[in-house]
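Only one structure is covered here, and it is reproduced in the block below.
For reference, positions follow the sequence shown, starting with 1.
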Amino acid sequence: QVQLVESGGGLVQAGGSLRLSCAASGRTSSRYAMGWFRQAPGKERDFVATISWRGSITLSSASVKGRFTISRDNAKNTVYLQMNNLRPEDTAVYYCAAAYDSNLHRNSGMYRDWGQGTQVTVSS
């Protein structure tokens, strides 16, 4: 099992930037993809981005493509989500997750371990 702790959330004005971090501990010797998801009040948890074990391949949702960038530093057991040009509709709790395997997945059911989430609020 992997323990995940997100940080970096906060309140920002539209057009601003934030960088989320997700620190992993536990099963860090295994090779698995990582992902970011978000959940707005009253809505389902949505896929944001995922990254391969080596960090060479990424996928992003259409709503964040060109604005958000996922990356990872395996030496630090940390995954990042750089969020630029934020919009009010990006307001949500953001979760990082560790996949069951090394494949990229958009489906939250393919992720085994989850962090507690960090709140991102974008004001207009």
> Is a side-chain donor-acceptor pair under 3.5 Å present for R72 with N74?
Replying inline: yes

> Side-chain donor-acceptor pair under 3.5 Å between S17 and N84, yes or no?
Replying inline: yes

Within a strict 4.5 Å, meaning less than it, do heavy atoms of the [X] and [Y] side chains meet?
X   : Y    : result
V64 : R38  : yes
R19 : M83  : no
L81 : T69  : no
I57 : I51  : no
F37 : D46  : no
V93 : T118 : no
L4  : E6   : no

> Stepwise, does the side chain to side chain donor-acceptor pair (under 3.5 Å) test hold for Y100 with R112?
Replying inline: CA-CA 5 Å; Y100 282 97; R112 171 177 176 170; over 6 Å; no

[X] and [Y]: which non-hydrogen atoms are nearest, and at how many Å?
X   : Y   : result
L18 : G8  : CD2-O, 3.8 Å
P88 : A14 : CD-CB, 4.1 Å
A24 : V2  : CB-CG1, 3.8 Å

With a 4.5 Å cut-off on side-chain heavy-atom distances among I, L, V, M, F, W and Y, is there a chain of contacts connecting [X] to [Y]?
X   : Y    : result
W53 : L104 : no
F68 : F47  : no
L20 : V12  : yes
Y80 : W36  : no

>> If the test is side-chain contact (heavy atoms from CB on, under 4.5 Å), which one of T121, V122, T91 qualifies with L86?
In response: V122

>> Parallel, tilted or perpendicular: which one describes the rings of H105 and Y111, with boundaries at 30° and 60°?
In response: perpendicular

> Passes salt bridge (charged side-chain N to carboxylate O under 4.0 Å, His left out), D90 versus R67? Steps please.
Replying inline: CA-CA 11 Å; D90 295 319; R67 300 188 298 123; 2.7 Å; yes

> Has R45 got its NZ or CZ under 6.0 Å from the middle of the six-membered ring of Y95, at an angle within 45 degrees of the ring axis?
Replying inline: yes

> Hey, mind stepping through Y32 and D113 against side-chain contact (heavy atoms from CB on, under 4.5 Å) and telling me if it holds?
Replying inline: CA-CA 11 Å; Y32 46 86; D113 303 300; over 6 Å; no

Drop me the distance from [X]'s [atom1] to [Y]'s [atom2], to the nearest 0.5 angstrom.
X   : Y    : atom1 : atom2 : value
Y94 : C22  : OH    : SG    : 15.0 Å
S52 : R31  : OG    : CZ    : 11.5 Å
Q13 : S124 : CD    : OG    : 9.5 Å

> Are any side-chain N or O atoms of T50 and backbone N or O atoms of M34, one a donor and one an acceptor, separated by less than 3.5 Å?
Replying inline: yes

> Donor-acceptor pair, S63 side chain versus S61 backbone, under 3.5 Å?
Replying inline: no

